[in-house]
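Here the structure is laid out as structure tokens; the discussion comes afterwards.
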2 protein chains.
Amino acid sequence: MFMPEHAHNKEHAILDAAEHEFLTKGFDGARTTSIARAAGVTHAMLHYYFRTKEKIFERILDEKMRLMGESVLTAFGTPGLPLSERLRQGIENHFDLIAANADLPRFVVNEVFSRPERYEAMRQRIRRIMEPLLAGLQHDLDEAAARGEMDSVDALMLLLDIISLNVFPFLAYPVLEPLLGDLAGDKARFLALRRAENVEIIRKRLQKTPQR
Amino acid sequence: MFMPEHAHNKEHAILDAAEHEFLTKGFDGARTTSIARAAGVTHAMLHYYFRTKEKIFERILDEKMRLMGESVLTAFGTPGLPLSERLRQGIENHFDLIAANADLPRFVVNEVFSRPERYEAMRQRIRRIMEPLLAGLQHDLDEAAARGEMDSVDALMLLLDIISLNVFPFLAYPVLEPLLGDLAGDKARFLALRRAENVEIIRKRLQKTPQR
DNA sequence: ATATTATTTAACAAAATTGTTAACACAAAG
DNA sequence: CTTTGTGTTAACAATTTTGTTAAATAATAT
């Protein structure tokens with residue numbers, strides 16, 4: 001029976017169960033006993049493998065923050081395309097990545113943004129990921145503006161526009177749902193419309209104001 | 001010593017302390033003993049006035065949800081102005097109301113959006129507040145579009161654009177802060193820029209695409 | 001085979017947390 | 001003054017929750 005020794009069955013089962021528990025209930029609402037039950041192990045095993053609830057949580061949080069940063073990078077990182085096309089693809093990729101991890105935004109808002117000590121530890125990582133991306137984007141935006149192809153904008157403001165528009169609907173969906181009228185219940189169709197709207201609003205934001 | 005009997009000193013002190021505790025820590029993270037300590041009463045008083053932790057929480061949640069709905073209504077409710085001006089004022093008022101209650105969005109995202117049973121109870125209220133507002137806005141948008149003054153848009157999509165853009169920066173501020181560069185630490189200045197950006201992006205969204 | 005190390009279990013322990021209760025204080029009403 | 005109702009306190013209780021530990025079992029190495 002060969003099995004790579006890093007893939008402890010139970011350790012992995014615990015991490016899977018913990019991910020679900022922490023993502024849906026948050027750190028304070030999560031119960032180690034509930035994680036153990038879902039993983040099919042006694043709760044003493046949690047402590048054997050991870051010592052404390054905090055340590056399991058950190059494992060999950062680290063992974064999710066990495067995914068979050070990665071999603072921004074891979075979404076907007078495609079080079080070799082005209083800027084407007086790169087942005088359109090970036091918005092769509094970013095939207096799709098969030099759609100595929102729809103509970104991630106709320107988790108990050110809950111667990112990171114509300115605890116200064118947690119995001120203190122991530123400041124550096126965030127900067128190292130975002131600053132080069134912003135610098136490159138700003139460079140391209142400035143060039144396009146100098147050629148008169150686009151309105152001049154600040155890269156951070158533009159990225160914040162995009163992320164706000166892409167993320168917020170997933171946070172607010174439960175409250176939105178009763179307002180959707182004819183497309184209530186048809187989440188997929190709403191999301192498709194929303195994705196298109198986000199592309200369109202950013203396209204128009206960058207459009208040069210017509211001279212009159 | 002006259003004192004309106006509904007203004008029990010301690011009852012009010014408990015509600016104040018509970019508001020702070022629940023807003024900053026959420027239902028699961030909040031401790032009734034901590035609320036009692038902050039209010040300067042024994043924790044038995046909490047149960048005397050409110051029976052259970054749940055009941056105190058509901059009081060706070062109800063008030064905050066009302067404030068949330070009210071903020072949208074009062075922000076966009078000003079009649080008798082041209083639509084573009086009404087929208088500009090609406091965006092600015094809504095932004096300012098959130099800025100004055102900066103911990104509200106996270107609270108609502110945490111406590112309502114993640115608990116189906118909680119927002120189930122609010123569906124009706126949300127509909128009764130939002131549907132007339134949306135219908136009125138859609139009417140005006142359609143008129144302006146028919147006159148050729150504006151691009152044609154769906155009112156719900158437009159409102160979601162605005163709320164996304166206004167709310168998200170407050171949710172994400174802790175993560176944004178290290179990226180602000182020269183205006184890091186100067187939250188007021190960043191928020192002023194952000195408010196202006198939100199007005200501008202919506203203005204351009206509604207702008208008719210130039211014929212070519 | 002034996003020794004050593006890793007994994008697993010069940011029972012226990014400590015602390016925290018929400019909620020209850022009986023007694024007490026005190027003002028107002030009769 | 002006595003009664004009645006409200007507010008208040010301290011002590012207690014029940015449960016939950018995280019974490020520990022000693023003993024049992026399985027795996028691995030010597």
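Each chain gets a letter, A, B and so on, in the order the sequences are listed, and its residues count up from 1.
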message: So if I take every side-chain heavy atom of A/K10 and compare against C/dT8, C/dG19, D/dT20, which nucleotide ends up nearest?
response: C/dT8

query: In whole angstroms, how far is the P atom of C/dT7 from the CD1 atom of A/I14?
result: 11 Å

Rounded distance in Å - NZ (B/K53) to P (D/dT15): 18 Å

message: Counting only side-chain nitrogens and oxygens, does B/Y48 get under 4.0 Å of the OP1 or OP2 atom of D/dT9?
response: no

- request: Can you label the angle between the B/F22 ring and the B/F57 ring as parallel, tilted or perpendicular, going by 30° and 60°?
  value: perpendicular

field: Closest contact, heavy atoms only, A/R189 versus A/D182
entry: NH2-O, 4.1 Å

message: With a 4.0 Å cut-off on N to O distance, would you call A/D28 and B/K25 a salt bridge?
response: no

Carboxylate-amine/guanidinium contact B/E131 B/R128, below 4.0 Å: no

query: Please give, in whole Å, the distance from C/dT17 P to B/F57 CZ?
result: 18 Å

d(CZ, B/F50; P, C/dT20) in whole Å: 15 Å

task: Taking salt bridge (charged side-chain N to carboxylate O under 4.0 Å, His left out) as the test, write out the residues that go with A/E58, two or more places apart.
output: none

message: I need the residues from residues 17-34 of chain A with at least one non-hydrogen atom less than 4.0 Å from DNA chain D; give them sorted by number, or say none.
response: A/A30, A/R31, A/T32, A/T33

- prompt: Rounded to whole angstrom units, what separation is found between the NZ atom of A/K55 and the P atom of D/dT20?
  reply: 11 Å

- prompt: Residues from residues 40-47 of chain A sitting under 4.0 Å of DNA chain C, heavy atoms only?
  reply: A/T42, A/A44, A/M45

query: Is B/K64 close enough and on-axis enough to B/F107, meaning under 6.0 Å and within 45°, for cation-pi?
result: no

message: Distance to the ring centre below 6.0 angstrom and angle to the axis at most 45 degrees; does that hold for B/K53 and B/F27?
response: yes

field: Axial cation check for B/Y173 ring with B/K187, 6.0 Å and 45° limits
entry: yes

task: Determine yes or no for a side-chain-to-main-chain donor-acceptor pair under 3.5 angstrom, with B/R194 supplying the side chain and A/M157 the backbone.
output: yes

- line: Rounded to whole Å, the CD-C1' distance (B/E54 to C/dT18) equals 12 Å

field: A/Y49 vs C/dA6: side-chain N/O to OP1/OP2 distance below 4.0 Å
entry: no

